[in-house]
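Here the structure is laid out as C-alpha cells; the discussion comes afterwards.
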Amino acid sequence: MGTFLTLSTSAAVILLVICRGLCVDIIGGAEVPPHSRPYMALIQGAGGSLICGGALIKADWVLTAAHCKVEGGKVILGAHSRKAREREKQVFRIAKQIRYPCYYSGSKENDIMLLQLQKRAKLNKAVKVIDLPTSDDDLKPGTTCSVAGWGQTRNDPRKLSDTLREVNVTVISRQICNDNNHYRNKPIITENMICAGANNGGKDSCQGDSGGPLRCNNVMRGITAFGKAKKCGTVDGPGVYTRLTKQYIQWIRKTIGGA
C-alpha cells in the first residue's frame with residue numbers, strides 16, 4: 001500500500017511538471033483585475049469574433065499591428081470580458097486604418113498600424129490613454145515586460161480567453177532569437193523588433209493577442225506581432241514584438257496630430 005502511494009504521488013508530480021510545461025495557461029499568465037488595464041482595446045469582427053488587441057493612445061486613435069485584418073470590425077474600449085455586457089464598454093466603428101507605409105508581411109518588418117475611431121472615446125476610470133514612450137533606448141536582455149490580451153490560453157484556437165489576461169515575459173537577445181535553435185533568421189529579428197519569452201518556455205502571447213501593448217517598467221515599448229505558428233509558449237519560439245523606435249513614434253505623432 002505504501003509503495004503504491006509513493007508511486008502514485010511520483011506519477012502525480014510527473015504529470016504536474018508535464019502540465020506546467022505543456023498545458024500552458026495569454027500563455028502562462030493570469031486574469032487581471034477587471035478594468036485595471038484601461039488602455040486596452042478589444043478589436044472584434046462580425047459576430048463578436050476576436051481579431052486583435054490594441055492600445056488607446058488618443059481619445060480617437062488606437063495603435064495595433066499591421067497584420068490585423070480589421071476591415072468591417074469594431075473597437076471596444078473598457079472591456080474586461082469579451083462576451084459579457086459591461087456598463088464600462090464603449091463600442092466604436094473604425095473610420096480609418098493606416099498601416100505603416102513600409103509594412104511587409106513576408107519579413108514581418110514594420111508591423112504597426114493606427115486605427116482612427118469614428119468618434120472620440122469618453123475617458124474615465126475604465127478607459128484611459130496610454131502614453132507613448134519618450135525614449136527609444138533598446139531594451140537589455142533580461143528586462144522584464146508584460147503583455148496582455150484576450151487570445152489563446154493554449155495551443156488550441158478554440159481556447160480563447162473570455163477575460164483579459166496578462167503575463168510577464170523576459171527580453172531575449174536578438175542573436176539568440178536568430179540562432180538555429182530559435183527562428184533561424186526566418187524571419188530575421190531586426191533592431192525594429194523585441195524578442196521576449198521565458199527561458200523554459202510556457203510564457204508567451206498567442207493568436208488573438210496581436211496588436212496589444214508590450215510594457216516594460218510600466219512604459220509601452222512594443223506591439224505584439226508574431227510567434228511560431230501554432231506553437232505559442234515554446235522555448236525555441238519566443239514572442240516577437242514591434243519595437244517602438246523613434247522612427248515609428250514620429251510617424252505616429254505626425255499621423256494623429258500629436259498625442
Side-chain angles (χ1 to χ4, degrees), residues 24-27 29-99 103 105 108 111-124 126-128 130 147-167 204-213 223-233 239 242:
V24 288
D25 210 357
I26 207 151
I27 304 289
E31 182 178 348
V32 302
H35 315 295
S36 60
R37 308 294 186 269
Y39 47 81
M40 287 295 299
L42 170 61
I43 306 174
Q44 289 187 334
S49 59
L50 177 64
I51 297 176
C52 277
L56 186 69
I57 59 170
K58 199 175 181 180
D60 57 344
W61 287 94
V62 166
L63 186 62
T64 187
H67 74 265
C68 295
K69 298 178 180 179
V70 303
E71 292 79 1
K74 57 187 177 182
V75 173
I76 303 175
L77 303 175
H80 179 64
S81 166
R82 288 191 299 116
K83 301 175 183 178
R85 291 186 177 181
E86 297 170 320
R87 59 182 178 82
E88 294 88 354
K89 284 182 178 178
Q90 300 180 39
V91 183
F92 303 88
R93 291 296 176 188
I94 299 169
K96 292 180 183 178
Q97 55 184 84
I98 306 173
R99 287 180 172 86
Y103 167 62
S105 60
K108 313 290 187 182
D111 194 357
I112 180 171
M113 177 167 63
L114 286 163
L115 303 178
Q116 185 175 28
L117 309 180
Q118 282 193 339
K119 58 182 181 179
R120 295 172 65 87
K122 182 179 179 181
L123 302 183
N124 53 38
V127 177
K128 294 182 180 179
I130 189 170
V147 60
W150 291 268
Q152 290 178 206
T153 57
R154 59 187 64 186
N155 289 302
D156 183 338
R158 298 168 296 178
K159 300 297 183 181
L160 294 173
S161 178
D162 175 54
T163 54
L164 183 62
R165 299 177 70 84
E166 186 175 68
V167 66
D204 200 2
S205 50
C206 202
Q207 280 73 27
D209 295 320
S210 291
I223 301 167
T224 305
F226 67 92
K228 284 200 172 179
K230 301 180 181 180
K231 291 185 178 182
C232 305
T242 301

**Request:** Would you list the pairs meeting side chain to side chain donor-acceptor pair (under 3.5 Å) in which at least one residue belongs to residues 39-50, sequence neighbours left out?
**Result:** Tyr39-Arg215
**Message:** Please check this pair: side chain of Asp111 against backbone of Lys108, looking for a donor-acceptor N/O pair closer than 3.5 Å.
**Reply:** no
**Message:** Could you check whether any side-chain N or O of Arg99 sits under 3.5 Å from a backbone N or O of Ala66, counting only pairs where one atom can act as donor and the other as acceptor?
**Reply:** yes
**Message:** Restricting to non-hydrogen atoms, name the atom on Ser161 and the atom on Thr153 that form the minimum distance, rounded to 0.1 Å.
**Reply:** CB-CG2, 3.8 Å
**Message:** Checking Ser210 against His67: is there a side-chain donor and acceptor pair closer than 3.5 Å?
**Reply:** yes
**Message:** For Thr64, run the side-chain contact (heavy atoms from CB on, under 4.5 Å) check against Ile51, Thr224, Leu115 and tell me which one passes.
**Reply:** Leu115
**Item:** side-chain contact (heavy atoms from CB on, under 4.5 Å) between Leu42 and Met40, intermediate numbers included
**Value:** CA-CA 7 Å; Leu42 170 61; Met40 287 295 299; over 6 Å; no
**Identified side-chain contact (heavy atoms from CB on, under 4.5 Å) counterpart of Gln90 within the set Leu123, Asn124, Val75, Leu117** = Asn124
**Request:** Answer whether the closest heavy-atom distance between the side chains of Val127 and Leu56 falls below 4.5 Å.
**Result:** yes
**Item:** Distance-only polar pair, side chains of Ser81 and Asp162, donor-acceptor under 3.5 Å
**Value:** yes
**Message:** Would you say His80 and Glu31 are linked by a side-chain donor-acceptor pair, where the criterion is simply a distance under 3.5 Å?
**Reply:** yes
**Message:** Less than 3.5 Å apart, any donor N or O on the side chain of Gln116 or Gln97 sitting next to an acceptor on the other?
**Reply:** no
